[in-house]
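Notes for the one structure printed next.
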Amino acid sequence: MNKHLPSTLETSSRRQFVRSVIYGGLAFYGMPAFARASKPPLGHVVIVGAGFAGLTAAKYLREWSLGNIKVTIVEPNPQFISCPQSNLVLGGSRTLDDLSFSYALARKQHNLQWIKDSVTAVDIANKQVTLSRGSLRYDRLVLAPGVDFDYSRIPGMPAPVADIPHAWKAGKQTLQLRQQLESMPDGGVFVMTIPAGPYRCPPGPYERACQVAHYFKQYKPGSKVIILDANADITSKKGLFLQSFQGAYQGIIEYHNNSGILQLDTASKTIKTDFETVKADVLNVIPPQLAGKVAQTAGLANVDQRWCEVDFTTYASNVNSDVHIIGDSISAGLPKSAHMATSQAKICAAAIVDIQSGIPPNPLPVFANTCYSFVDDKQAMHVANVYRYDPAKKSMVSAEGGGVSTKATDQEGDYAQAWAQNIWADTLT
């Protein structure tokens with residue numbers, strides 16, 4: 001970085017300069033002590049959840065406030081595990097270790113206060129969160145709890161069943177599902193259910209079907225994948241996935257739309273739909289989803305008692321403006337993805353720094369979202385969109401830019417790997 005700033009930046013605030021540098025894709029760390037001391041403390045932000053959304057928000061709150069906002073993260077898990085690319089563990093081209101990262105560098109790099117614990121209650125009126133071991137006061141609260149699972153909407157399976165994993169949060173269940181596939185005899189049937197949207201990662205189930213089919217094609221060619229989709233059609237990258245379903249995996253993948261669960265017998269792993277009864281050797285039920293539990297218990301899930309309504313210029317809850325909600329828990333009409341979560345986190349962080357500094361937040365935020373899906377161990381495809389805030393609609397709407405692949409290729413697989421490395425680095429360092 002040049003020692004001397006361009007003249008147009010010399011007259012701007014240091015905070016705005018740092019923000020512009022990071023938006024431009026460069027790293028800017030280690031602001032000298034005199035610069036930090038030149039601003040008064042800007043309050044204490046507590047962040048619940050250290051996934052893509054929460055950890056990104058913490059990083060940029062510290063960077064853009066020049067260290068003048070104290071940030072405390074509450075996260076029960078000992079390490080970060082990436083959901084993007086976790087389906088590749090089922091296909092056999094990745095291991096869970098490949099997707100698991102320490103929080104240590106982010107904690108040290110940004111001087112984050114860290115509490116390994118869970119939030120049991122939120123007192124919005126008194127700006128306090130209760131943990132299983134103590135409590136915390138805040139000036140602003142950021143909730144990034146991801147999704148929770150609603151088993152009450154699965155007929156015959158009102159609660160989790162140990163040998164029917166959803167594996168929709170990367171971790172132990174991902175390994176469990178892989179082990180079940182390995183133990184299944186050739187000629188067996190893998191049945192996966194997809195809930196009605198919205199749900200986390202719209203193309204994720206179809207990518208999973210391709211990964212399982214890729215494994216079967218190599219090692220269990222007599223086996224079959226049956227997709228029971230509660231939606232009327234493939235919800236993302238339809239044409240691209242159909243190329244694989246009807247091409248490389250013809251005779252292996254069967255796709256059944258409008259096939260919500262009418263009844264599930266967990267003992268026999270049999271599912272009845274409007275059209276048929278299907279028995280599985282390995283059953284993967286992806287449950288209906290809703291905002292993470294802490295958002296529910298705080299009374300912030302005010303859309304269908306499932307999702308949280310926010311102001312898209314600040315991500316402040318429409319229930320309480322001192323609480324910001326980012327990531328998969330919000331009602332946005334947009335894909336629930338890792339890239340989307342980090343984009344929201346940056347808008348939210350910028351807005352909080354401005355609010356705490358007495359500056360109006362940006363009234364017209366813009367961000368992009370890119371999502372890659374692998375159809376085997378090397379080939380991937382993508383969809384990308386740009387979104388702008390529409391003040392009249394009070395929502396983020398599609399704008400010019402973006403695009404979609406024409407087909408899955410090895411080159412796109414390389415791009416997908418680079419995308420993953422970049423988003424991991426941005427979030428974790």
Are side-chain N/O atoms of [X] and [Y] paired as donor and acceptor at under 3.5 Å?
| X | Y | answer |
| --- | --- | --- |
| Thr72 | His44 | yes |
| Asp390 | Ser395 | no |
| Ser100 | Asp97 | no |
| Asp311 | Thr313 | yes |
| Asn68 | Arg62 | no |
| Ser337 | Asn369 | yes |
| Ser405 | Glu412 | yes |
| Arg140 | Gln356 | yes |
| Asn126 | Gln128 | no |
| Ser329 | Trp307 | no |
| Glu309 | Asn302 | yes |
| Gln411 | Asp414 | no |

[Y] and [X], any side-chain heavy atoms less than 4.5 Å apart:
| X | Y | answer |
| --- | --- | --- |
| Glu75 | Lys116 | no |
| Thr95 | Val89 | no |
| Ile286 | Pro205 | yes |
| Ser223 | Ile252 | no |
| Ile115 | Ile73 | no |

Are any side-chain N or O atoms of [X] and backbone N or O atoms of [Y], one a donor and one an acceptor, separated by less than 3.5 Å?
| X | Y | value |
| --- | --- | --- |
| Asp377 | Gly92 | no |
| Ser183 | Gln180 | no |
| Asp117 | Val74 | no |
| Tyr206 | Thr235 | yes |
| Thr56 | Thr427 | no |
| Lys336 | Ile330 | yes |
| Tyr215 | Cys210 | no |
| Gln296 | Ala291 | yes |
| Thr120 | Thr130 | yes |
| Tyr249 | Gln211 | no |

Could you give me the CA-CA distance, side-chain angles and deciding distance for Ser373 and Phe241, then say whether side-chain contact (heavy atoms from CB on, under 4.5 Å) is met? CA-CA 9 Å; Ser373 301; Phe241 280 116; 3.8 Å; yes
Determine whether the aromatic ring centres of residues Trp114 and Tyr103 are separated by less than 6.0 angstrom. yes
Is the His166-Phe149 ring centre distance short of 6.0 angstrom? yes
Heavy-atom pair of closest approach, residues [X] and [Y]:
| X | Y | value |
| --- | --- | --- |
| Leu283 | Pro165 | O-CD, 4.1 Å |
| Val71 | Ala58 | CG1-CB, 3.9 Å |
| Pro361 | Thr314 | CG-CG2, 3.9 Å |

Is the closest basic N to carboxylate O distance between [X] and [Y] below 4.0 Å?
| X | Y | answer |
| --- | --- | --- |
| Lys378 | Asp410 | no |
| Lys346 | Asp426 | yes |
| Lys269 | Asp163 | yes |
| Lys59 | Glu63 | no |
| Lys127 | Asp139 | no |

Both conditions, 6.0 Å and 45 degrees, for the charged tip of Arg388 above the ring of Phe367: are they met here?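 Verdict for Phe367: no cation-pi partner in Arg388.
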When you look at CZ of Phe101, are more than 12 heavy atoms from neighbouring residues, nucleotides or ligands closer to it than 6.0 Å?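 Count over threshold, so yes.
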So ring-ring contact (aromatic ring centres under 6.0 Å, His included) across residues 65-95, not counting sequence neighbours, yields Phe52-Phe80
Parallel, tilted or perpendicular, as decided by the 30° and 60° cut-offs, for the rings of Tyr315 and Phe312: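 If you compare the ring of Phe312 with that of Tyr315, the planes turn out perpendicular.
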Can you measure from CG (Leu136) to CG (Leu141) and round to the nearest 0.5 angstrom?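 The CG atom of Leu136 sits 10.0 Å away from the CG atom of Leu141.
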Working for side-chain contact (heavy atoms from CB on, under 4.5 Å), residues Val147 and Leu290: CA-CA 6 Å; Val147 295; Leu290 67 169; over 6 Å; no
Contacts of type salt bridge (Lys or Arg N to Asp or Glu O under 4.0 Å), residue Asp233, not counting sequence neighbours: Lys238
